Amino acid sequence: MIDLRSDTVTEPDEAMREASRDAAVGDDVYGEDPTVNDLEGRAAKAVGKEAALFVPTGTMGNQIAAHVHTEPGQEALVERKSHVYKYELGGLAQHAGLQVRTVDGGARGIPTPQQIESAYVEEDLHRPGTGLCCLENTHNARGGVAIAPERLEAAANAARERDVPVHLDGARVFNAAVALDVSVTEITQHVDSVMFCLSKGLGAPIGSMLAGPAEFVERARRTRKLFGGGMRQVGVVAAPGLRALENVDDLETDHENARVLAEGLRDVDGFAVQEPETNIVLVDVSETGLDVDAVLECLRERDVLATPFGPTTIRFCTHRDVSRDDIERVIPRVEAAVSV
Ligand SMILES: *Cc1c(COP(=O)(O)O)cnc(C)c1O
């Protein structure tokens, strides 16, 4: 099976499993797990923030951030196709009591400063006020586009000038940095807090990091406890996370594989392929005359897995557990699947 559904399907390699077995551990709720403390320190440094918190999932990291930055009843400004809006079960409303206001960030998934300005709500007797702005980089639903630091800065500054804190859903922010050939801190310096996933392209089995100012992270630690995410001898999970931080440069291979895949898929009859910028390839299959489920079923019969991504779109995601050879095997199988 060649599994291109998501970069979350990567399995921990031998080094990660060994690191897990050998990890020094302690009760992390008491702050006594040395491996977690090491990971939190390194993660903070990697994204240029004062502190970081180890969380079980990216979703929990985003939700904690929203909870800490805001007061119930405030508005959160989010991009129309953002993960935090579309795929987190309305958590902003459920956990933080926020009213969501969407902004259409267009093909690149990043609002302009003017859009932020006009969506901003000033608190008064009748209006709740904007309490948070969330941005996303890379933007998943827009096809893994890597948003340049300048555009992120412009959007973030429009919010911050109005005293609205900015949280970056950076589940794949290292993919963005690698694709843009900038250091990740050139991206993260423009936001107040950032979440990134260890469990995606970096290859860890579990875990994400939430980073920001020390005082923010202290409050995030309490909110993590509130959400039931205070973990104990979790160094066994943090240890693979530490190895994962060393895999950043390998993301370039995934991006190259995505380009090769896109190139091959472009020749498939009826496929409209979006040029990938990172490890995500979106294909509109409407011109094949088949629906998404039928295409996916034909692929599955040929041992290729991809993800439905809207009524006419399929997402292929490259990652460290698929090789160039795998990618080259996928292309003829897709051609065969669609031509039946
Ligand atoms: C995967 C993802 C998340 C959430 O991560 P989980 O660990 O699956 O909860 C958040 N934002 C984006 C953009 C993602 O792709």
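The structure displayed is predicted, hence computed values, not measured ones. Just so you know, ligand 1 is whichever comes first in the structure, and atom 1 is the first atom listed for that ligand.
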Could you check if a side-chain atom of Glu136 sits within less than 4.5 angstrom of a side-chain atom of Ile110, using non-hydrogen atoms only?
no

among protein heavy atoms, the one nearest atom 11 (N) of ligand 1 is Asp169 OD2, 2.6 Å

Could you tell me whether the side chain of Arg142 and the main chain of Arg108 form a donor-acceptor pair under 3.5 Å?
no

Distance filter under 4.0 Å to Thr57 heavy atoms, resulting ligand 1 atoms
7 (O), 9 (O)

Closest approach of any protein heavy atom to atom 14 (C) of ligand 1, naming residue and atom
Lys200 NZ, 2.7 Å

re atom 10 (C) of ligand 1, the protein heavy-atom contact at minimum distance is His83 ND1, 3.2 Å

Is there side-chain contact between Leu135 and Val78, with at least one heavy-atom pair below 4.5 Å?
no

Kindly confirm or rule out an N or O of Ala171 lying under 3.5 angstrom from an N or O of ligand 1.
no

Carboxylate-amine/guanidinium proximity below 4.0 Å for Arg232 and Asp33:
no

Atom 7 (O) of ligand 1 has as its nearest protein heavy atom Gly58 N, 2.8 Å

Do Asn140 and ligand 1 have an N or O pair less than 3.5 Å apart?
yes

Under a 4.5 Å cut-off applied to non-hydrogen side-chain atoms, are Ile331 and Leu261 in contact?
yes

Show me which atoms of ligand 1 lie under 4.0 Å from any heavy atom of Thr59.
4 (C), 5 (O), 6 (P), 9 (O)

Need the ligand 1 atom indices (1-based, order shown) with element for anything under 4.0 Å from a heavy-atom of Glu88.
10 (C)

For Glu32 and Gly26, indicate whether the former's side chain and the latter's backbone hold a donor-acceptor pair under 3.5 Å.
no

Could you state the interatomic distance from CD (Glu123) to CZ (Arg127), rounded to the nearest 0.5 Å?
11.5 Å

Can you tell me if Ser208 uses its side chain to pair, donor with acceptor, with the backbone of Gly58 under 3.5 Å?
yes

Side chain, backbone, both or neither: which applies to Asn62 and ligand 1 if a contact is any heavy-atom pair less than 4.0 Å apart?
side chain

Please work out, at 4.0 Å between heavy atoms, whether the side chain, the backbone, both, or neither of Met60 comes within that distance of ligand 1.
neither

Report yes if Glu136 has an N/O atom closer than 3.5 Å to an N/O atom of ligand 1; otherwise report no.
no

